[in-house]
Every structure is written in structure tokens, then in C-alpha cells.
Amino acid sequence: MKNKDTAYYIHGVNGPVIDVRGGTGLSMLDMVRVGELRLPGEVVSVSKSGATVQVYEDTSGLCHGQPVYPALAPLSIDLGPGLLGNIFDGIARPLKKIEESSGVFITRGIDIPTLDPGKLWDVTVNIKEGDFVGEGTVFAECEETQAVRHRALVPPGVSGVALSVKPSGKYATSDVIATLRLKNGSEHQLTLSHKWPIRVPRPVNERLPISRPMITGQRVIDTLFPVGRGGCAAIPGPFGAGKTMVQHQLAKWADADIIVYLGCGERGNEMTQVLEEFSELTDPKTGRPLMERTILIANTSNMPVAAREASIYTGVTIAEYYRDMGYHVALMADSTSRWAEALREISGRLEEMPAEEAFPAYLPSRLAEFYERAGLMKTLSGSEGSITIIGAVSPQGGDFSEPVTQNTKRFARCFWALDRSLAYARHFPAINWNGSYSEYFIDLAPWYDAELGSDFTAKRQRIINILHEESALQEIVKLIGSDILPDDQKLTIETARLIKTGFLQQNAFHKTDTYMPLPVQYDMMELILRLFDGAKTLTEKKIPLSLLRDTGVFAELMKMKFDLGEGAGKDRKYFEELIDSAVAKVLTENE
Amino acid sequence: MRIEYTGTSELSGSLMVIDGVLGVGYDELAEITLRGGGRRQGRVIAVDGSRAVIQVFEGTRGISLENSRTHFTGAPLKLALSTEILGRVFDGVGRPADGLGEIFPKERRDINGSVINPVSRKYPRECIYTGISAIDATATLIRGQKLPVFSGAGMKHNELAAQMVRQAKIGDGSNFAIVFAAMGVKNDVADFFRKSFEDAGAIGRVVMFLNLASDPIIERIITPRCALTAAEYLAFTHGYHVLVIMTDMSSYCEALREFSSSKGEIPSRKGFPSYMYSDLASIYERAGQIHGKKGSVTQVPILTMPNDDISHPIPDLTGYITEGQIVLSREMELAGIYPPISILSSLSRLMKDGIGEGFTREDHAELSNQLFASYSKVQDARSLASVIGEDELSPTDKKYIEFGRRLENAYIRQDINENRTITQTLDMAWDILSLLPREELDRVGERLLDKYYRT
């Protein structure tokens, strides 16, 4: 059964892992095509007798002796116009095109290019003959979607003098637009697209310090635990706690130019939902459907596990490509635990020595490599671009001490801990204020104080203090009830309740509450503290808190999130007067 | 030419090793004939050079190194399908078990199925009323959803599933079918379901795949895949709305563990194999609706949580894959409440898009949020009452205690044959919520409060 085109053949099959014999010419992490169906795979270990390959598709039916075709290149994807608005599988094959060719069920061995080779783009060429073009230069541009302009880049590692340049016009992604003469005398042809190996980070000029937050319109995130633009955040939570909801909200509202949404080992229906919903929702900045700035990568939980391992690299490589154009990119990875489990599954099949909970010992270093690809960067062409990574973590049994959560904590500086009991009470987003943190806030504080008012940081700290005090008081309340507490402690409890229900809780399905601009968040925070201070003057004069509560001012502030903001009817001044008059009324009646 | 290999070179547990085979594919079906005349089936689970490892479904008892002849069929296990399967009973690997003979197949399908392209999926939005308040209002079942029941040994999950089958309007009229897969359950459980399908007058629309507690565990790994292949065939080839009931997924997972350890694989949590998530996903993800196809596959898998522990790997991994869960509570079971559904930990992820104006009723979404929020406060009030006594509670807390009592005893509790309409359920919820002071209801807008809050 030897094949005359290739010396390599299958020796053994064990799930997605294949033992290849027949030669020693394969290199680590090279692509191969396996069997008659030419299933894509990647070399994961090499020895004198042969090589081990992980296959990105179901291996049913593969036999001993079937041919293996080496590609002699690492696993790479095509980067170019046509990525936006599309949905790809874990190794960047377009799912819409797959549907056209194989119907509603995905069949094996489909080889469809990432980018549509037939589509013509209206290209404006930026360089002329004789120009020296360096790596990362934007040599041409085209309108990828109505929301985003695609900037075609000279690939990293390539620079030279333009020998010939085509005029602006309509070109396909593989048409040659310019020819460069490189330093070593050889020629390089520039096309709209180029290939990049997914496991290699794309080079940049330098890493810049993080100085501003990624605004998400979610109060608990923006005000309490912000993530820096170019930072990393982790969302761990048991099932049903709302990880995916938070990811969807961020994908909808984050002030990024490009969203890469990576469904890694998650539900098929969730990807369908993102696809449907994002095609209907419009981006407030551009007025175009959100899908026009979004790229979806779907490896649902029943898709091949080896492709799941590759999918996060595919996602982050695409994100880096748009970052290099000078865009701010947000990458939502839902969920990194599934990726870690794919790593574990393949490691088990390779019979590697297991470490904690059977995860391979290299889990922390792989996680670190992934999160380090985020950052605010000066690109090769000198512009500024960033990748912010939001990684969901699905800890087994909701136990945050498991290896994936613990290692993610070391590399992501922002931690939004989701809490099952909050989710049970339908407090969404169920981000627990006591278990979450953001190390970025110190870096971002100057930005907040400059943009929103010099006392933002101080006010935020007061809110956090009230919440902490309350959680300590709750220990007592659990034992003796809240009626017996002195009035100033009752006030802390009442205010914390207001903060929790009126401020931290946010309704993703409400027309205006789903996104709240930062200045309004600041107003709300200030109003809550104004009420707290006003009530404090009463309790200091030994006037019972219940009298103030009876005026209904707490209840009204509880619902102010629906009344504030653009076109919602009431403004900050209305509530200020409401608070002041309620406090004054109780004060005059009882002095 | 039919090639048969005589004898084996190694036997261990349910595994059989044959050397010197050529051209045998991974996952291929093998037919084994014993000298005494017995026939068995197996599946190739590893190929290593000219050595093939076969997992024998019926077990290796009675096989020696010499007394068997093995034939490789050249294809994975396929299920024979036609609409004749309706009303029939099959064993765990899809062979007729009701003595009515083979079915005449229109086609044969690989039981592993294929992945539905996410682009082709239709996002499910139509709800299925089950007539059970604790499900319809707060964990609404949607057509094409996978919504498991998390139960414990001895709780009334079978009765609940049977009531759902009896009352649920799965299709609109004649186009519904039920596929029932039993994995490692006792014969009387299978009988209970058969009888309740008969009572519902639906036995002619049921396809049963039975792997009972005494049947080989290796077959158990095949059973849900056969059932789902049949369900997909009925749904996407013939336009049926199919409800798939699979019980008990815990037995399935244990079979998977037993099989994995017999292969000598590195175990992960509690000895379960590290690929259990992917394996369960390959079952649960075979639910849904597809653009351009009339039918749908809705799954209600039942699992018993070992020691009632929801963080055990079986319910845990299931919960990460399925679109919600219905959790039964031992406490309510002991209090004699049927159905013993713990509404706080139950969840339907798809309900948000299938309820409200135009689907059920305008107040449904906010009402269910309010029920969750208020009921979770009942728990706080109760734990306080257990310390300081109910008499010492504040008046509001006392109202919460009363609210909780009524909710459990009037609203959640219902008769095993009681079929409530969605309007009855929602109105009943408002009656009970109105026991609380109006200002405590902070999840409902003023307009709806004006309309529905009872003074």
C-alpha cells in the first residue's frame, strides 16, 4: 500500500493521535495531510523511528499503511481582507463556505481557503515605484466592511525597494500588487494577503505601558474592576454563572475597533446566537451591524479536540494581524478551560507524564505564552494598536483552586470572579465584588481622575469600603438579624443593598441599562454617596434611619439606573434634589 | 473476498487484540464468530502497525486465544433506519429486541453522527409547555434545547420525565416522536416508561433503545449514539419534532470510566477519563434545529448525582455543555413535595429568547427574575429564623417566610396528572408574589406592577 508520492505512512491510530513512519524528514509543528481524505494534522513529536501527528478531524477509518503527505511548513493561516464578518473553524476554514459545499453537517477532509479567492477588492495603493518599503508598512488599503478599512501590510521580515507597483483598482487577495527587491537581491511579491504561522507571535516595535481602560459600559467592570486596553482579564465561574453572558456583553459594547470572538469547546447554539444577534445589532459608533467588526472562531464542544487546541492560536494570530494595522482589538476566549482540557487529552494520548489533575506540566507556560500575546504595542509601522484578552475559565465543580484558574490568575491581572449564589438570585453580572480584583486600576487611576473628575478614585474606594464593611456585618446579621444593629451600621447595610441592586446589577436585556456611559456611572456613584452622607448626618443626630427610608428615597434610587442616561427622562439634578429634600424634610421634622 | 482472522493474540477485560491484520481502519466494526456458534460485535479502538485492538460489545467471556474468527466489516457501526422504527424496541446497540424481526432499512447511518455546522443551526425560540409550573415559568423548555434533569438516587425523576412526556406539546399535532434510551437502568424503570408511554397513547410514536443494568457495559457506550442517530433521522429527514429521553447518564459515564481504565488510560478527576467532556459533548450537542429543516431534536437526559453532589464530574461536565438544568432537591423530596424541583439552581439558558410578549406573556421574563430574587431571600430569612426563631423576625422577613411556604406548597407542588396552562402558572405566581410588599419587588417595572400586582 506504499504511495509513490510520499514515503510517509500511518503506522498506528489512537483517537486523534497518529503514529507516522517512513522517514525522518518531518520537523516539529509541521503540517501534514493524513490518509486518502488528506485530513489536516500537525507533527507534535519526532523520533528516529518516525513522528507523532495530531489530526484536526475525526480519525475514523484511518488504516495502517495509508499515506501521509508532508506540507513542509508550520500550521499557518491566510491573513487578508475577508476575515471580518465571517465565522471560521479552529484552523480558519470558513464555515459558511463549508456549508455551501457539504451541507448542514460538516464532513471530513474539506480543504477550503480561509479567504475567498474569487472576491475582488477595491484597492487603493499607497506606494509607488522606487519607494523603500519597510516591514509592516501599509502598502495598500481597501474597504473590508463598511465599518472597517483593511490596511494591507508588508509581512514582517520583508523590506526592500519597490520595483513595480500596480495602480489602484480591483484585485483579488492573491493578485500581485507590487514587487520588491530585497536586500539580499531576491524579489518578493506583495499581495493583499500573506500567510503566518499561528504559533509564532507577530513581531512589534515595542510594548507600551497600559494607560487607559477598555470601556465596556458595564458598571461593575468599568467602575470597580476595569481592564486596561491591552490587558488581560479572566472570568472564572461555575456553569450557569453567566460567563458567556458577560463575554457577549463585552463583545457588543467594548470600545474596541475589532472583536475576535473565540468559541472554544462551547455550545453550537451559542455561536449561532452570536452570529444572528450581531448581524442584527448595530454598532453605535459606525451605525453598521456589529458583525462587520467581528470575527467568529467556532470550535464547538463536539468538534475535533486537536483543532480546539489550535483554535486559540488562530484567534490570537488574527487579532495580532488587525493590531498591526493599528486597530484596538478585543479577543474573547470562551473558554480557556476547554483549551486546557484539549491539551490534557492530547497529552494523555501521547502518554506524557501528567502533573496536577492530569494536566500536562507545561500548562502554565502555554497559558503564559497565550496571555503574553496581549498588550498595547507600537507596531512595526509605528502606529499604536492593542489586543485585550478576556478569557473565560470554567473551573471543575466551580472550585477556583484548580490548576487552570490558579495559573490564569498569575498571568491575567484582572480577575472577575463569578459567583453561583449571585447567579441563583439572578444578580447579573454575577461578578462577586469581594473575590474580584483589577491590578490595572493603579495604572488607570490618573486617566479616570483626568477624564471624570479628580475625586473618581476616592469615590470608588468609598464604594468598595462600604461593600466590604457590609460583608463583615452580614456575619453578625446571619446570627442575630439586622433589627438589632445600631443605625449607623444599618445605614451601611442599606447603602450596600442600594449599591448591589441599584448599581452593580445590570440588566443586559434592558434598552438603556445594557450599556451605561462612564460619566453616568460616575453620577450614580456620586448620588449613592450623597444619600449615604445625608443619611449619616441624620444618624449622627440619633434620628432613626427608618424615617428616611419611609420617604421612599432609597427605593427611588434603586431604580435610577433605568431613569438616568440619554433620553431616559430624569437627570442627575433631579435625584440630587430628591435626596436633599428628603434628608432636609426628615431633619426639620425631627429636630 | 471475505477475510477472517482466526484466533486472537491477547485478551484483557473487554479488549481483544489481533495481530497480523492489514488495512483495518480505526473505529471499524468487527464481527466475531465463536466456535460454539455465538456471534459478537466489536469496534476497533486502536491500530498499531499490523496489530488491532478490538473492544467487544458483549464482553470477552468464553473467548480463548483460539476459538474465534474475526471479520472486519470495513465501516463503522451503522444503524439501520426507516420510519418503521417508530413503535419498536431495540437493544443497546440497535438490534431489534421485541421479537418482531429486522426492520427493512431505507438507509444505514454511522452512529457517531456528524457535527452540525454552527452556521446551519437555527437558534431555538419556540417553547414547549410542559404543564409543570416550576419548569414553565422559571426554566422554560425550548424546542431544540438540551435540558437535563439532575437528580439523586431515589428521587422522582422518572415520574417527572414521564409527566413531561405526557403533557408536553412537543409537536403541533401528529409530527412528534419520542426516542427513549435506557442505559444501565433496571428493568422495572424501563417498564415504567413503557407503561407511561402507553398511557399517554404515544407508544406507536416511541422508539426505545434498552441497555439494562444487566446488559454489557460496553454496549452502554453505544446506546445513546444509536438513539440520537434515530432521532436525527426522524427529525431532519422526516420532519418530526423528537423528544429524546436518556436515562441514566451517570451509568453511561461510569461505563466510560470502566472502559477507559481497562485500556490503561491516565485517569483525570475521580478516575474519569480526561476526554469525558468531549465525549459527553458528542452526545449532548446532537440536539437542535437546522435552517430549512422542519423537525427538531430536544434532549432531556436524566442523571443521578452521586451523593447528591452537583460538583461531581458527571453533573459538572454536563452542566457546562447543556443549555441549563433542572435540579431536584432532596430536601423538597423529603418534605413530600412533588415535583421536587429546586427552582433556584434550575436554569434554562434558552428561555430568555423564547418567552415574553409574542411568545408567552409580556410579564414572564421580569416575573421569573422576581421569583428567583425573592425566593433567594427566603433562604436568608429561613437561616436567620433557625437561629433566632421565627417569632423574632422582622415583619418583612416573616412575609418572606410565608411567601416561601406558599410558593413551595401551592405553586411548585402539583399533582402528577395536573396540567397547568402558562396563564394559570403565571397568575398563580403573581398571587403568591403579592404576599410581599410592593416595594420589595425590585425586578419588575412599574407598569407591570400596576397591571399584575394584587392589592
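Just so it is clear, the values below take in all heavy atoms, side chains as well, and ignore hydrogens, waters and symmetry mates. In the text below, chain A, chain B and the rest are named by the order of the sequence lines, each starting its count at 1.
Within 6.0 Å of CD in A:Gln474 there are more than 12 heavy atoms belonging to other residues, nucleotides or ligands. Within a 6.0 Å sphere centred on NZ of A:Lys97, other residues, nucleotides and ligands contribute 12 heavy atoms or fewer.
Within the 4.5 angstrom heavy-atom criterion, atoms from both the backbone and the side chain of A:Leu95 approach chain B. Looking at A:Arg21, there are no atoms closer than 4.5 Å to chain B (heavy atoms on both sides), in backbone or side chain. Of the two parts of B:Arg121, the backbone and the side chain both hold a non-hydrogen atom closer than 4.5 Å to a non-hydrogen atom of chain A. Contact annotation for A:Leu275: only side-chain heavy atoms (C-beta onward) come within less than 4.5 Å of a heavy atom of chain B. For a residue to count as touching a neighbouring chain, one of its non-hydrogen atoms must lie under 4.5 Å from one of that chain's; by this rule A:Lys559 touches chain B with the side chain only. Heavy atoms closer than 4.5 Å to chain B are found in the side chain of A:Arg338, but not in its backbone. Interface residue A:Phe509: only side-chain heavy atoms are found under 4.5 Å from chain B. Using a 4.5 Å cut-off between heavy atoms, A:Glu277 makes no contact with chain B at all. Contacts of A:Pro94 with chain B are absent, with no heavy-atom separation under 4.5 Å from either backbone or side chain. For A:Ser394, the parts lying under 4.5 angstrom from a heavy atom of chain B are both the backbone and the side chain. Both the backbone and the side chain of A:Gln396 come within contact range of chain B, each with at least one heavy atom under 4.5 Å from a heavy atom of that chain. If you measure heavy-atom distances from A:Val305 to chain B, the contacts under 4.5 Å come from the side chain alone. Both the backbone and the side chain of A:Met303 come within contact range of chain B, each with at least one heavy atom under 4.5 Å from a heavy atom of that chain. With a 4.5 angstrom heavy-atom cutoff, A:Asp483 touches chain B only via side-chain atoms. Only the backbone of B:Pro315 comes within contact range of chain A, judged by heavy atoms closer than 4.5 Å. Using a 4.5 Å cut-off between heavy atoms, B:Asp353 contacts chain A through its side chain alone, with no backbone atom that close. In this structure, chain B has no heavy atom under 4.5 Å from any part of A:Glu402.
Side-chain contact annotation: A:Thr300 with B:Glu285, donor-acceptor N/O pair under 3.5 Å absent.
The candidate from B:Leu347, B:Leu344, B:Asp27, B:Ile266 with the greatest count of non-hydrogen atom pairs under 4.5 Å with chain A is B:Leu344. By number of non-hydrogen pairs under 4.5 angstrom with chain B, the leading residue of A:Asn507, A:Asp19, A:Ile480 is A:Ile480. The candidate from B:Asn369, B:Ile321, B:Asp442 with the greatest count of non-hydrogen atom pairs under 4.5 Å with chain A is B:Ile321. Ranked by heavy-atom pairs under 4.5 Å with chain B, the list A:Glu345, A:Met271, A:Arg267 is led by A:Arg267. Interface summary for chain B: among A:Pro354, A:Gly348, A:Gly15, the most heavy-atom pairs under 4.5 angstrom belong to A:Gly15. Listed options A:Arg349, A:Glu276, A:Met245, A:Glu270 were ranked by heavy-atom pairs under 4.5 angstrom with chain B; first place goes to A:Glu276. Interface remark: of the candidates A:Leu479, A:Asp399, A:Ile87, A:Asn14, A:Leu479 forms the most heavy-atom pairs closer than 4.5 Å to chain B. Comparing A:Ala423, A:Pro395, A:Gly398 by how many heavy-atom pairs each has under 4.5 Å with chain B, the most go to A:Pro395. If you tally non-hydrogen atom pairs under 4.5 Å between each of B:Lys122, B:Arg443, B:Gln379, B:His312 and chain A, the highest count goes to B:Arg443. The greatest number of non-hydrogen atom pairs below 4.5 Å with chain A, out of B:Ser282, B:Pro313, B:Pro124, B:Ala75, is found for B:Pro124. Comparing B:Leu317, B:Leu350, B:Ile343, B:Ile290 by how many heavy-atom pairs each has under 4.5 Å with chain A, the most go to B:Ile290.
Of residues 383-393 of chain B, those residues with a non-hydrogen atom less than 4.5 Å from any non-hydrogen atom of chain A are, in numerical order, B:Leu384, B:Val387, B:Ile388.
A:Glu266 has no carboxylate O lying under 4.0 Å from a charged side-chain N of A:Lys243, or vice versa, which leaves the two without a salt bridge. B:Glu439 has no carboxylate O lying under 4.0 Å from a charged side-chain N of A:Arg549, or vice versa, which leaves the two without a salt bridge.
Counting heavy atoms from C-beta on, the side chains of B:Asn112 and A:Asp58 never come closer than 4.5 Å. In this structure, the side chains of B:Ser268 and A:Glu341 stay at 4.5 Å or more apart for every pair of heavy atoms. Contact check for B:Leu15 versus B:Phe259: side-chain heavy atoms found under the 4.5 Å cut-off. By the 4.5 Å heavy-atom criterion applied to side chains, A:Lys561 and A:Gln506 are not counted as neighbours. When side chains are defined from C-beta on, B:Val47 does not count as touching A:Cys63, because their heavy atoms never get closer than 4.5 Å. Taking the side chain as every heavy atom from C-beta outward, A:Arg344 and B:Tyr275 never approach each other to under 4.5 Å.
Side-chain atoms of A:His11 do not come within 3.5 Å of backbone N or O of A:Val20 as any donor-acceptor pair. In this structure, the side chain of B:Ser346 engages the main chain of B:Val327 through a donor-acceptor pair within 3.5 Å.
Residues satisfying the side chain to side chain donor-acceptor pair (under 3.5 Å) criterion with A:Ser301, sequence neighbours excluded, are absent altogether. Residues passing the ring-ring contact (aromatic ring centres under 6.0 Å, His included) test with B:Tyr233 are B:His238, sequence neighbours excluded. With sequence neighbours excluded, the residues that form a ring-ring contact (aromatic ring centres under 6.0 Å, His included) with A:Tyr261 are A:His248.
In this structure, A:Arg420 is positioned above the aromatic face of A:Phe239, its NZ or CZ under 6.0 Å from the six-membered ring centre and within 45° of the axis.
Remark: of the listed residues B:Glu232, B:Arg109, B:Lys293, B:Arg109 is the sole one forming a side-chain hydrogen bond (donor to acceptor under 3.5 Å, both in side chains) with B:Thr237.
Distance check: A:Glu309 CD to A:Leu343 CG gives 5.5 Å after rounding to the nearest 0.5 Å.
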